[in-house]
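One structure below.
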Amino acid sequence: MTSSFTVHAASGYEQLMGRWSRRLAPLFIDFAGLAGGEKILDVGCGTGSLTFELAKSTGLAEIQAIDFSAVFVAAAKERNTDPRITISQADATALPFADGAFDRALALLVLHFVPDAGKAVAEMRRVVRPGGVVAAVVWDHYGGMPGMRMMIDTVAALGESGRQLRSRYCFQPMMQPGEMKRTFVEQGLADVAEAELIIRMDYENFDDYWAPIAAGEGPLGKYMTSLDGAERERVEAAVRDAYQAGRPDGPRSFANFAWACRGIVP
């Protein structure tokens with residue numbers, strides 16, 4: 001099983017999304033819940049935003065973290081100093097753990113990049129004990145990320161390839177209202193609850209916003225690498241104009257919404 005997320009360098013991901021996933025992680029943990037002595041699985045750990053936020057809870061017994069990307073796994077391992085944390089490369093749709101091995105399985109900003117997201121939820125349910133919790137959170141690309149839609153809608157106005165990007169980006173798995181909740185129910189989870197989590201993404205200037213995209217990180221960066229030099233310059237100029245909105249370059253702040261869902265293993 002592949003991932004649809006493009007990553008070249010951990011530092012690029014940190015500027016693109018890691019700094020924002022760290023803001024989201026505490027809200028997600030509050031939603032998912034924790035209890036002393038638990039064993040937790042972080043599915044799709046990336047550079048460790050959720051993993052290391054979980055580690056702030058000193059009462060946890062064990063934190064296993066997996067990611068499909070070797071780049072992310074190496075970066076998270078380099079950061080780790082906590083003996084309770086084990087980080088490894090694995091597939092979210094074929095988790096290398098025994099049935100019922102964990103008290104909770106959590107996925108932060110992962111399921112929308114898993115082509116068979118339902119299978120990943122099924123695997124998370126399998127490795128959690130009866131009475132344990134499966135929880136996940138994904139961005140609302142269609143209606144909840146104005147900073148990213150700013151670029152998406154700009155390139156869609158410039159040509160057909162941009163319109164195709166918008167169609168793919170706005171309708172990734174698990175992003176529509178109720179979609180993740182339905183999947184949790186279909187995979188046999190009980191007492192399924194859904195909520196919206198909100199953070200702000202604050203940029204110092206256009207270059208702070210644009211640099212990881214220009215470097216090819218994530219789905220928007222992948223799109224940029226598909227363009228020739230002249231078209232990249234055209235897109236950058238248009239997105240810069242959208243970011244600045246007729247004012248001098250400088251700080252901008254965007255509210256971002258994510259869908260969160262949790263369920264109990266029967």
Side-chain angles (χ1 to χ4, degrees), residues 3-5 7 10-34 40-57 60 63 65-69 72 75-76 79 85 87 92 104-114 117 120-121 124 133-151 169-170 172-177 179-181 183-184 193-204 208-209 212-213 217-220 252-263:
S3 168
S4 61
F5 189 88
V7 56
S11 58
Y13 172 79
E14 281 294 300
Q15 187 175 3
L16 177 71
M17 190 54 63
R19 52 183 168 168
W20 314 128
S21 61
R22 284 195 297 275
R23 287 191 181 181
L24 186 61
L27 303 181
F28 178 50
I29 291 171
D30 287 346
F31 172 78
L34 288 179
I40 310 295
L41 174 62
D42 179 0
V43 176
C45 64
T47 53
S49 296
L50 178 60
T51 304
F52 299 119
E53 188 66 30
L54 286 166
K56 293 178 181 179
S57 179
L60 294 180
I63 303 167
I66 66 101
D67 201 278
F68 188 80
S69 165
F72 284 156
R79 289 180 59 192
I85 297 174
I87 303 165
R104 298 175 200 262
L106 312 181
L108 174 75
L109 304 179
V110 174
L111 291 184
H112 48 316
F113 293 113
V114 179
V121 174
M124 292 170 71
V133 172
V134 172
V137 61
V138 301
W139 292 124
D140 177 2
H141 277 186
Y142 182 82
M145 294 195 79
M148 298 298 105
R149 280 297 300 266
M150 178 177 66
M151 174 186 170
Y169 184 83
C170 290
Q172 288 178 255
M174 304 291 104
M175 289 186 169
Q176 302 311 303
E179 182 181 3
M180 189 159 48
K181 184 176 182 179
T183 300
F184 273 44
E194 187 178 65
E196 294 179 19
L197 306 181
I198 307 169
I199 68 162
R200 295 199 74 89
M201 294 184 180
D202 301 303
Y203 299 97
E204 295 180 6
D208 186 33
Y209 169 89
I213 297 172
E217 298 294 345
L220 305 188
R252 301 291 190 272
S253 182
F254 303 93
N256 289 263
F257 289 74
W259 296 113
C261 198
R262 70 171 181 261

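Both backbone and side-chain heavy atoms feed into the values below; hydrogens, waters and symmetry mates do not. What you are looking at is a predicted structure, and each value in this text was computed from that prediction instead of being measured.
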Find the distance between CD (Glu53) and CZ (Arg22) and round it off to the nearest 0.5 Å.
-> 10.0 Å

Side chain to side chain contact (heavy atoms under 4.5 Å, CB included) between Thr51 and Ile40, worked out = CA-CA 9 Å; Thr51 304; Ile40 310 295; over 6 Å; no

Backbone N or O of Leu41 within a donor-acceptor pair of the Arg104 side chain at under 3.5 Å?
-> no

What's the spacing between Leu197 CG and Phe28 CZ if we round to 0.5 Å?
-> 8.0 Å

Test item: Leu50 and Ile29 side chains (from C-beta on) under 4.5 Å apart, heavy atoms | yes

Centre of Tyr142's six-membered ring, under 6.0 Å away, within 45 degrees of the axis: is that where NZ or CZ of Arg149 sits?
-> yes

Measure the CD-CG distance between Gln172 and Leu111 for me, rounded to the nearest 0.5 Å.
-> 11.5 Å

For residues Trp139 and Ala258, report the shortest heavy-atom separation together with the two atoms involved.
-> CE3-CB, 3.7 Å

Do side-chain atoms of Glu179 reach the backbone of Met175 as a donor and acceptor pair under 3.5 angstrom?
-> yes

Are Asp42 and Ile66 close enough, and set up right, to give a side chain to side chain contact (heavy atoms under 4.5 Å, CB included), and what steps lead you there?
-> CA-CA 6 Å; Asp42 179 0; Ile66 66 101; over 6 Å; no

Roughly how far, to the nearest 0.5 Å, is CZ of Arg252 from CE of Met150?
-> 9.0 Å

For the pair Tyr209 and Tyr203, name the ring-plane relationship: parallel under 30°, tilted 30 to 60°, perpendicular over 60°.
-> perpendicular

Pair Met145-Tyr169, side chain to side chain contact (heavy atoms under 4.5 Å, CB included): steps then yes or no = CA-CA 11 Å; Met145 294 195 79; Tyr169 184 83; 4.1 Å; yes

Give, for atom CG of Leu109 and atom OG of Ser21, the distance between the pair rounded to the nearest 0.5 Å.
-> 6.0 Å

Would you please test Leu54 and Leu106 for side chain to side chain contact (heavy atoms under 4.5 Å, CB included) and show each step?
-> CA-CA 10 Å; Leu54 286 166; Leu106 312 181; 4.1 Å; yes

For Ile85 and Ala55, the nearest pair of non-hydrogen atoms, with its separation, is CD1-CB, 3.8 Å

Grab the two heavy atoms, one from Phe31 and one from Ala195, that are nearest each other, plus how far apart they are.
-> CE1-CB, 3.6 Å

Is any side-chain heavy atom of Met201 closer than 4.5 Å to a side-chain heavy atom of Met17?
-> yes

Is it true that Arg23 and Asp202 have a side-chain N and a carboxylate O under 4.0 angstrom from each other?
-> yes

Would you say the side chains of Arg200 and Ser253 form a donor-acceptor pair under 3.5 Å?
-> yes

Ion pair check, Asp208 and Arg19, cut-off under 4.0 Å | yes

Euclidean distance, Asn256 CG relative to Asp140 CG, rounded to 0.5 Å | 10.0 Å

Please report the shortest heavy-atom distance between Trp259 and Met174, naming the atom on each side.
-> CD1-O, 4.5 Å

Give the minimum heavy-atom separation between Ala117 and Pro173, together with the two atoms involved.
-> CB-CB, 4.2 Å

Between Met124 and Ala105, the two heavy atoms sitting closest are CE-O, 3.3 Å

